[in-house]
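Every chain is numbered from 1, with letters handed out A, B, ... down the list of sequences.
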Number of protein chains: 2
Amino acid sequence: MSRPAKSPLDAFDHKILAILQRDNTTPQRTIGEAVGLSAPAVQRRIKRMTEDGVIRANVAVLDSAALGQSITIFVEVEVISETAKQIEQAKSQFAAAPEIQQCYYVTGEADFILVIVVPSMADYEALTRRLFFSNNNVKRFRTFVAMDRVKVGLSVPIER
Amino acid sequence: MSRPAKSPLDAFDHKILAILQRDNTTPQRTIGEAVGLSAPAVQRRIKRMTEDGVIRANVAVLDSAALGQSITIFVEVEVISETAKQIEQAKSQFAAAPEIQQCYYVTGEADFILVIVVPSMADYEALTRRLFFSNNNVKRFRTFVAMDRVKVGLSVPIER
DNA sequence: GCTCCAACGAAACAAACTTGCAAAACAGCC
DNA sequence: GGCTGTTTTGCAAGTTTGTTTCGTTGGAGC
């Protein structure tokens, strides 16, 4: 079947997205006033962009410390064999772990970069044993512990 | 004045948060059915957790590629001098750049880890010139280009 | 100049959120 | 054990917000 044709985004869409990625509880009426459209027009654009996948999700951002998950850790993982099958397996293993908040497959001196959120260093230690030491394909990994989350978010720069 | 006393989170709160950080457009009535409370009870808990800062923000997650920002890059930055003043200055500089999506101050072989989103490598090159080469306190930086965003999010693991 | 198509706004409508209030659950204390 | 003050709940009414309908407008193509 025909995939929904992604209509190009105009200046209205950009303004709407900029507002939504900062606060998606903003009433459509308020957004309309800010961008110069009526509430139904805003609503239609949001619906279209959601269907087109421009808006991927609507989520609450939680304070990890308040949930007892106060440590953020970066890990660079280097693998031994980079066959397609091995890489796919690593990806799905990393994606499945709830402690792994983000996982990227990268070029450079490492193969994967992970962002991990755990309650304590003991939990991290247990996780490394489970994910890295018991995995024959992991050659090496380097750990960076976050002392300060200077800036955290998923905001995409929007040109205007 | 007395800061709002953070009441401890119970099992209801945990379930509500788990739902909201997956989809914060879920109606309160639906959440109520899922957790075993009435809609007003859910609403009051959400309000309390928002005031307490457990819920930090409510945002739309956008597809960076759809906005022409298709490259994600990790950078490890090593600085020369780590005086409080220098570090604070670096933090505020990084936090102010819209291309920098995330910035962490870390222990280990690097001092800062940045997650950067840009439209092209040319833009990244320009950014490095502006942020690193023109900054006397940057000793070294290592670049990792993301080939695959295996898992992206800000979800915090919630124990139950 | 006409037609077709896409997008708009005003208004009616539906759904969700919010508030007031009385009852139930709970904790501390005689 | 039973009393009392506090907290939280559910229900119902009221308000805000989201959604749909429908008639209109502004262009692009012919």
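Side-chain contact between V106(B) and V145(A) is absent, with no heavy-atom pair separated by less than 4.5 Å.
Counting any heavy atom pair closer than 4.0 Å across all strands shown, P40(A) reaches a base atom.
The side chain of R44(B) places no N or O atom within less than 4.0 Å of a non-bridging phosphate oxygen (OP1 or OP2) of dC17(C). Taking side-chain N and O atoms only, Q28(B) has no distance below 4.0 Å to OP1 or OP2 of dA15(C).
Of all nucleotides listed (dT19(D), dT17(D), dC22(D)), dT19(D) comes nearest to the side chain of Q43(A). In this structure, of dG9(C), dT17(D), dG10(D), it is dG9(C) that holds the atom nearest to the side chain of S38(A).
Note: CG (L37(A)) to P (dG26(D)) measures 15 Å, nearest angstrom. When the P atom of dT9(D) is taken as reference, atom CD1 of I31(B) falls 14 Å away, rounded to whole Å. Taking atom CD1 of I46(A) as the reference point, atom P of dT20(D) lies 13 Å away to the nearest angstrom. Protein atom CD1 of I16(A) is 13 Å distant from nucleotide atom P of dA7(C), rounded to whole Å. Here the P atom of nucleotide dA15(C) and the CD atom of E33(B) are 14 Å apart, to the nearest Å. Going from atom CG of D13(B) over to atom P of dT9(D) covers 9 Å, rounded to whole Å. Straight-line distance from the CZ atom of R29(A) to the P atom of dG9(C): 15 Å, rounded to whole Å. Distance, L20(A) CG to dG18(D) C1': 14 Å, rounded to whole Å.
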- Test salt bridge (Lys or Arg N to Asp or Glu O under 4.0 Å) on R45(A) and D10(A) and set out the steps. CA-CA 10 Å; R45(A) 282 165 180 269; D10(A) 63 12; 2.9 Å; yes
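In this structure, R48(B) and A39(A) both approach DNA chain D, and ranking their closest nucleotides by distance from the 5' end singles out R48(B).
Side-chain contact of R149(B) with T72(B): a donor-acceptor pair under 3.5 Å is present, judged by distance alone.
In R48(B), the CZ atom is crowded: over 12 heavy atoms of neighbouring residues, nucleotides or ligands sit closer than 6.0 Å.
Each of I158(A), V42(A), V35(A), L37(A) was scored for a side chain to side chain contact (heavy atoms under 4.5 Å, CB included) with K15(A), with one residue passing: V35(A).
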